[in-house]
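Have a look at the structure below, then the notes.
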Amino acid sequence: IVPYEHSMSLKKAKCAEQMRPCVSDSNESSSTLPSYQVADWESAKTCLQTILDESVGPDGLKQVPLSNVKRLFRSKYNMDLSETVLGYPKISALLEDPWFADICSVLLRGNRYVVVPHDSPLVAAPAPEEI
């Protein structure tokens, strides 16, 4: 645990305010990391729509674990979905922006967050643990 003034949360908030990428302070050299095009609003929406259309969860309903969204952008589109470049410190906040409201919602299912299509039956239904 680190004080907030040294935290990644504060660093990401500052990057989001400046709408620039936020790189972690890992030991890896940035020259060894692959370079990805950063998604803009249009490409983020188009790619996310395709990801949702192609994904099915264990219950047969379309859903993507929130923790997989950025990895899917990189692996499927060679693109970085950078929430800070688009003005948000967290990916969940980005996907809750009105820009994405017509294609997706972010929901807590059990002990994890998932991204679901906006018209998913999961949006209106309580999670099984709540019944």
Side-chain angles (χ1 to χ4, degrees):
I1 298 178
V2 298
Y4 181 69
E5 61 267 10
H6 300 293
S7 71
M8 185 55 109
S9 294
L10 178 61
K11 183 177 182 177
K12 287 182 79 172
K14 288 181 178 180
C15 290
E17 286 173 7
Q18 298 168 1
M19 299 182 92
R20 64 180 178 86
C22 190
V23 235
S24 68
D25 293 331
S26 69
N27 292 333
E28 291 188 51
S29 163
S30 60
S31 63
T32 63
L33 298 174
S35 174
Y36 297 104
Q37 174 186 348
V38 177
D40 60 15
W41 285 100
E42 280 294 330
S43 59
K45 189 172 189 175
T46 301
C47 294
L48 184 60
Q49 180 68 65
T50 303
I51 289 169
L52 286 171
D53 288 344
E54 296 173 351
S55 61
V56 179
D59 52 8
L61 297 172
K62 292 182 178 184
Q63 59 186 297
V64 177
L66 181 63
S67 60
N68 289 355
V69 171
K70 291 178 80 161
R71 180 187 58 77
L72 288 168
F73 266 76
R74 288 186 197 110
S75 64
K76 292 175 74 72
Y77 304 105
N78 292 319
M79 196 175 289
D80 186 22
L81 178 61
S82 174
E83 64 275 17
T84 57
V85 167
L86 297 174
Y88 286 91
K90 297 187 333 185
I91 192 75
S92 57
L94 170 66
L95 298 181
E96 291 171 337
D97 183 276
W99 177 256
F100 293 102
D102 63 329
I103 65 163
C104 72
S105 296
V106 177
L107 304 174
L108 178 61
R109 296 212 63 215
N111 61 352
R112 68 183 185 153
Y113 283 92
V114 294
V115 182
V116 299
H118 79 286
D119 58 354
S120 170
L122 295 173
V123 174
E129 297 80 23
E130 296 174 1
I131 298 176

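Shown here are the side chain to side chain contact (heavy atoms under 4.5 Å, CB included) partners of S43, two or more places apart in sequence or in another chain: A39, D40, M79. The side chain to side chain donor-acceptor pair (under 3.5 Å) search around N68 returns none, not counting sequence neighbours. With sequence neighbours left out, the salt bridge (Lys or Arg N to Asp or Glu O under 4.0 Å) criterion links D119 to no other residue. Looking at residues two or more places apart in sequence or on another chain, you find a side chain to side chain contact (heavy atoms under 4.5 Å, CB included) between Q49 and D53, I103. With sequence neighbours excluded, the residues that form a side chain to side chain donor-acceptor pair (under 3.5 Å) with K12 are E83. The salt bridge (Lys or Arg N to Asp or Glu O under 4.0 Å) test applied to R71 returns no partner, not counting sequence neighbours. For V116, the side chain to side chain contact (heavy atoms under 4.5 Å, CB included) criterion is met by Q63, S105, L107, V114, S120, L122, V123, not counting sequence neighbours. Listed by chain and residue number, nothing satisfies the salt bridge (Lys or Arg N to Asp or Glu O under 4.0 Å) test with K14 (two or more places apart in sequence, or in another chain). With sequence neighbours excluded, no residue satisfies side chain to side chain contact (heavy atoms under 4.5 Å, CB included) with E17.
Residues M19 and L86 are not in side-chain contact: their nearest non-hydrogen atoms beyond the backbone lie 4.5 Å or more apart. No side-chain heavy atom of R112 sits under 4.5 Å from any side-chain heavy atom of S67. Within the 4.5 Å cutoff, no side-chain heavy atoms of L61 are placed close to those of V56. Annotation: side chain of L48 is in contact with side chain of F73 (closest heavy-atom distance under 4.5 Å).
Atom NZ of residue K45 and atom SG of residue C104 lie 9.0 Å apart, to the nearest 0.5 angstrom. In this structure, CD in E54 is found 4.0 Å from NZ in K76, a value given to the nearest 0.5 Å. The CZ atom of R20 sits 6.5 Å away from atom SG of C22, with the distance rounded to the nearest 0.5 Å.
The number of heavy atoms from other shown groups lying within 6.0 Å of OH (Y77) is above 12.
Using a 3.5 Å distance cut-off with no hydrogens or angles, the side chains of S82 and T84 do pair a donor with an acceptor.
Y4 belongs to a hydrophobic cluster with L10, counting contacts under 4.5 Å between side-chain heavy atoms of Ile, Leu, Val, Met, Phe, Trp and Tyr, direct or through other members. When hydrophobic side chains of Ile, Leu, Val, Met, Phe, Trp and Tyr are connected at separations under 4.5 Å, V38 ends up clustered with V85.
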**Message:** Between V69 and I51, does the side chain to side chain contact (heavy atoms under 4.5 Å, CB included) criterion hold? Intermediate values first, please.
**Reply:** CA-CA 8 Å; V69 171; I51 289 169; 5.6 Å; no
Which atom pairs, donor and acceptor, lie under 3.5 Å between side-chain atoms of residues 91-98 and protein residues at least two apart or in another chain?
unit_1, atom_1, unit_2, atom_2, d
D97, OD1, W99, N, 2.7
D97, OD2, Y88, OH, 2.3

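When all heavy atoms of Y36 and D80 are compared, the closest pair comes out as CB-N, 3.7 Å.
Side chain of H118 to main chain of A101: no donor-acceptor pair is present (N/O by atom type, distance under 3.5 Å, no hydrogens or angles).
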